[in-house]
Amino acid sequence: MTDPTIEPPRADVYDPTAVERKWQARWAERGTNHTDLAGGERPFYALMMFPYPSAEGLHVGNLFAFTGNDIYGRFQRLQGHTVFEPLGYDAFGIHSENYALKIGEHPAELTPKNIANFQRQLTRAGLMVDWRYAVNTSSPDYYKWTQWVFLQLLERGLAYKKKAAVNWCPFDKTVLANEQVEGGVCERCGTPVEQRFLEQWFFRISDYAGRLLENLDWLDWSDTTKTAQRNWIGRSEGAEVRFLVPTQGEVEDDEVDENAVLMEAREIRVFTTRVDTIFGATYLVLAPEHPLVDAVTTPAQRAEVEAYRERTAKQDVVSRKVTKEKTGVFTGAYAQNPATNTLIPIWIADYVLMEYGTGAIMAVPGHDERDHEFARKFELPIVRVVASAGEDADTPIPDEGAHVHDVDGRLVNSGQFDGLTVEEGKRAIVAWLAGHEAGRAVINYRLHDWCISRQRYWGPPIPVIYCDACGMQQVPEKDLPVVLPFIKDFKPDDSGVSPLARHEEWYVVPCPECGKPARRETDVSDTFLDSAWYFLRYPSAQRADVPFDAALTARWLPVDSYIGGNEHAVLHLLYSRFITMVLKDAGKVDFEEPFTKFRAHGLIIREGAKMSKSKGNVINPDAYINDWGADAFRTYLMFLGPYEQGGDFQDKGIVGPKRFLENLWRSATSAHTDGAPDGAVMRKLHQTIRKVGDDVPRLSYNTAIAAMMEYMKALRANDRTPHRDEVEPLVQLVSPFAPHIAEELWERLGHDESVFDAGWPAFDPELAAEDTIALAVQVNGKMRGTVTVPRTVDQAGALAAATADPAIAKFITGVPKKVIFVPGRLINIVV
RNA sequence: GCGAACGUGGUGGAACUGGUAGACACGCGAGACUUAGGAUCUCGUGCCGCAAGGCGUCCGGGUUCGAGUCCCGGCGUUCGCACCA
């Protein structure tokens with residue numbers, strides 16, 4: 001021990017504080033948790049989602065997540081892998097900035113303090129983290145490369161700028177990604193979100209939708225997470241259909257000539273998944289923001305259309321919700337239905353969204369609830385084109401609820417396609433439309449491009465310069481990082497631009513091309529970009545010259561195991577996959593999926609209720625570690641429920657695991673070496689080794705702990721003093737869960753090396769096998785008792801044993817009709 | 001509305017591909033030891049019943065020698081998404 005202030009632990013009582021201090025110091029001194037990244041055998045990258053270092057300190061949820069990963073990582077190490085278990089801080093972003101604003105501190109000053117506090121708490125938790133490779137996304141060493149990632153996308157045409165209707169939070173005074181809007185309100189502050197039109201940077205993630213979806217088929221991820229991603233990507237098969245629009249003047253308002261020859265017509269493209277219903281398309285609807293609205297609107301309708309557009313443009317997202325009655329206005333224009341050749345009116349309505357499909361739909365009020373509601377309100381024609389059993393072409397469409405679920409029906413009123421099923425109709429009509437270039441089969445995705453710019457301060461400046469003479473220039477790589485300046489007035493305002501735009505001394509720079517004064521981009525990038533590549537940085541965190549070293553990356557990536565919360569099931573995980581794919585395409589890495597295996601852990605609630613500051617029921621890990629020790633706390637967190645489901649933190653529950661560790665201490669410190677270990681106990685030991693070894697890789701930590709507790713009972717039954725050979729392997733089994741006490745006891749048992757370098761105890765199937773078993777006996781499927789028989793008993797032997805037992809025999813009336821025998825499990829006698 | 005997960009003692013939860021329901025733990029009860037303890041240890045603890053036994057995994061059907069597990073129909077809880085054409 002190098003630190004004389006640390007009292008050595010006493011032998012007679014288990015003193016977690018002393019034990020944990022001693023081993024945390026010794027691990028640091030010996031480099032026990034250091035990973036040999038260049039040379040270690042069988043590399044295993046055990047990644048956990050890094051935390052945002054809040055001022056409140058570590059949350060139990062963080063510890064639950066990290067402990068689960070730590071156990072997995074330590075177990076892999078015990079299996080002979082060189083395990084890399086890094087951790088860092090997601091320190092940029094709105095969370096940090098908002099909190100700094102709230103308490104009137106500067107994020108650049110607050111963040112290091114928060115990180116120091118996290119570091120202290122995480123060290124106490126006994127994680128096997130190699131802190132030499134910690135990253136901090138708000139450090140220029142890191143965000144230099146975040147900016148580099150941005151440039152990779154820009155160079156490949158995957159980053160672009162456009163003026164877009166964006167979600168604007170009037171409270172946070174910033175643009176939000178669609179994903180940060182929950183039910184029309186800002187996910188941070190709950191303020192209803194408004195629409196604004198701003199120039200924004202986007203990443204073309206939608207170009208990757210197909211690949212992002214397809215790879216899910218082979219990734220070893222939690223099913224819930226995969227499903228969430230699939231839904232988010234939202235693939236739908238359908239058709240794009242062209243509707244021709246006579247140019248103005250060809251068709252006057254009140255004299256629709258259904259036989260008008262359409263020359264030089266404009267066209268409106270619509271997306272539909274139900275092209276089979278095209279004969280029932282009685283009008284078109286454009287999103288109010290649709291670029292063709294101006295072009296098609298007739299002079300007579302212009303004022304009304306303009307008014308409607310203005311109204312919806314100002315509207316926040318909330319009032320464009322389902323519950324609202326349909327609204328819309330007629331443009332005065334008509335389009336030709338390519339199936340019927342009739343002219344149908346073109347409307348605009350806010351129930352059609354510009355972001356999806358083509359921003360325009362063909363409305364089929366006979367077979368779509370929304371179109372039906374709209375058509376009834378505005379008295380547009382409703383035509384039946386699908387008839388289900390008991391209906392025919394003339395059956396009227398009921399007033400309430402159009403037939404959306406008519407997929408079992410057959411086409412009617414559809415010309416030569418009458419009689420086809422819906423599926424046949426889709427295929428035939430697409431082919432027919434394609435034949436005269438009026439349509440084609442397409443696949444559409446819900447996934448929108450990723451808006452990555454933020455009009456905020458606490459993030460990496462987007463590395464772009466605007467020059468009046470040369471246009472937009474990217475910051476040359478040699479000039480990275482574009483350092484975020486320290487400014488006092490970092491508060492966002494209502495201007496729609498970043499606080500950095502108030503600092504001319506920062507944003508005016510020479511143009512990298514011509515050298516004349518030019519202007520920096522003043523927006524910063526989304527926090528999700530910081531976290532979309534951090535796993536690539538960890539192994540190379542000590543390299544200042546490259547974002548990630550080729551050899552280290554080849555050796556350590558993709559990540560072998562990633563554990564994190566399901567709240568990041570879509571955003572973070574999807575963005576990370578996307579960035580990795582882009583880097584693959586750019587030739588920077590040789591894999592396109594960053595996380596081979598992902599498991600989502602559950603959430604911890606407390607005494608049946610969600611933890612929240614307002615309820616005052618938030619668990620303070622420091623207090624628990626002080627009172628019970630990190631080992632007991634870790635073990636309890638893993639014991640209170642299935643790891644992938646989470647569980648209920650009951651305040652008194654920790655005493656169980658604590659007693660278990662105390663008993664472990666007593667058993668190990670009192671173990672003797674006289675004679676041979678007990679046969680029955682050794683049998684139980686080997687069963688326990690097998691069970692724990694099976695459970696840990698499945699993250700079934702709660703049952704692994706239960707098995708060890710059971711073994712502890714056997715070990716201490718009737719106040720016996722255990723033999724050393726009975727206890728020593730248990731110390732190894734416990735070590736991933738309670739690493740400090742395991743090290744201490746391992747040392748006391750006479751070992752010099754760390755228990756984590758001692759390997760995993762061997763499991764011997766011979767030793768684990770029982771000679772006799774309790775065979776279940778059923779009569780007519782009802783449990784009537786058990787009989788003790790040899791493990792290898794056959795049906796005849798089992799039947800004999802069962803009938804010999806009077807308590808069972810009395811239920812066997814007459815000759816058995818049938819006997820079902822499951823070797824080693826049960827016998828069922830049917831009479 | 002759509003999608004996903006789930007429903008087991010007083011509580012958290014066990015139960016591998018249908019095969020001894022309630023492991024393990026908390027709590028509770030009784031006892032031991034203590035000046036005392038909300039400490040520690042031992043035993044008990046699904047429900048009804050003195051017992052034999054019966055009943056039990058949200059409810060109702062079904063398949064099976066056998067169902068917590070599989071199928072059908074309800075009810076309920078939680079979490080996502082939400083006018084996505």
Has A:Leu603 got more than 12 heavy atoms of other residues, nucleotides or ligands less than 6.0 Å from its CG? no

Looking only at side-chain N and O atoms, does A:Lys817 come under 4.0 Å of OP1 or OP2 in B:C65? no

Quick one: look up who B:C6 pairs with, Watson-Crick or G-U, both distances under 3.5 Å, and put none if it's unpaired. B:G76

N/O to N/O distances under 3.5 Å, protein versus nucleotides 50-58 of chain B:
from, atom 1, to, atom 2, distance (Å)
B:A52, O3', A:Lys810, NZ, 3.4
B:G53, OP1, A:Lys810, NZ, 2.7
B:G54, OP1, A:Arg784, NH1, 3.3
B:G54, OP1, A:Arg784, NH2, 3.4
B:G54, OP2, A:Arg784, NH1, 3.1
B:C55, OP2, A:Lys782, NZ, 3.4

B:A23 P sits how many Å from A:Ile705 CD1, rounded? 17 Å

Report yes if at least one side-chain N or O of A:Lys652 is closer than 4.0 Å to OP1 or OP2 of B:C28; otherwise report no. no

Compare the minimum distances between each of B:G3, B:G66, B:U20 and the side chain of A:Met783, then state the nucleotide with the smallest one. B:U20

Over all strands shown, is A:Lys610 touching base, sugar-phosphate only, or nothing at heavy-atom distances under 4.0 angstrom? sugar-phosphate

Under 4.0 angstrom between A:Lys713 side-chain N/O and B:A25 OP1 or OP2: yes

Look at the side-chain N and O atoms of A:Arg659 and state whether any lies under 4.0 Å from the OP1 or OP2 oxygen of B:U40. yes

Considering just the side-chain nitrogens and oxygens of A:Asn702, establish if one lies under 4.0 Å of OP1 or OP2 belonging to B:A25. no

Strand partner of B:A15, provided both Watson-Crick or wobble distances fall under 3.5 Å: none

Would you indicate what A:Ala774 reaches in the nucleic acid, counting non-hydrogen atoms under 4.0 angstrom: base, sugar-phosphate, or nothing? base

To the nearest 0.5 Å, atom CH2 of A:Trp221 lies from atom NZ of A:Lys226 at 9.0 Å

Taken to the nearest whole Å, CD1/A:Ile604 to P/B:U78 is 19 Å

Would you compute the distance between atom CH2 of A:Trp232 and atom CG of A:Leu574 and round it to the nearest 0.5 angstrom? 9.0 Å

With sugar-phosphate meaning primed atoms plus P, OP1 and OP2, does A:Thr703 contact a base, only sugar-phosphate, or nothing at under 4.0 Å between heavy atoms? sugar-phosphate

So does A:Ser236 get a side-chain nitrogen or oxygen closer than 4.0 Å to the phosphate oxygens (OP1/OP2) of B:A85? yes

Quick check on contacts: within residues 636-647 of chain A, what sits under 4.0 Å from RNA chain B by heavy-atom distance? A:Phe639, A:Leu640, A:Pro642

Using a cut-off of 4.0 Å on non-hydrogen atoms, how would the nucleic acid contact of A:Val655 be classed: base, sugar-phosphate, or nothing? sugar-phosphate

Determine whether a donor-acceptor pair (N or O, by modelled atom type, separation under 3.5 Å) exists between the side chain of A:His372 and the backbone of A:His367. no

Figure out the OH/C1' separation between A:Tyr283 and B:A85, and round it to whole Å. 11 Å

Return the nearest nucleotide to the side chain of A:Arg666; candidates are B:G12, B:C41, B:A21. B:C41

Assigned partner base of B:C28, Watson-Crick or wobble definition, under 3.5 Å: B:G44

What is the distance, to the nearest angstrom, from the CG atom on A:Leu799 to the P atom on B:C65? 19 Å

List every contact pair, protein side and nucleotides 29-33 of chain B side both N or O, where the distance is under 3.5 Å.
none

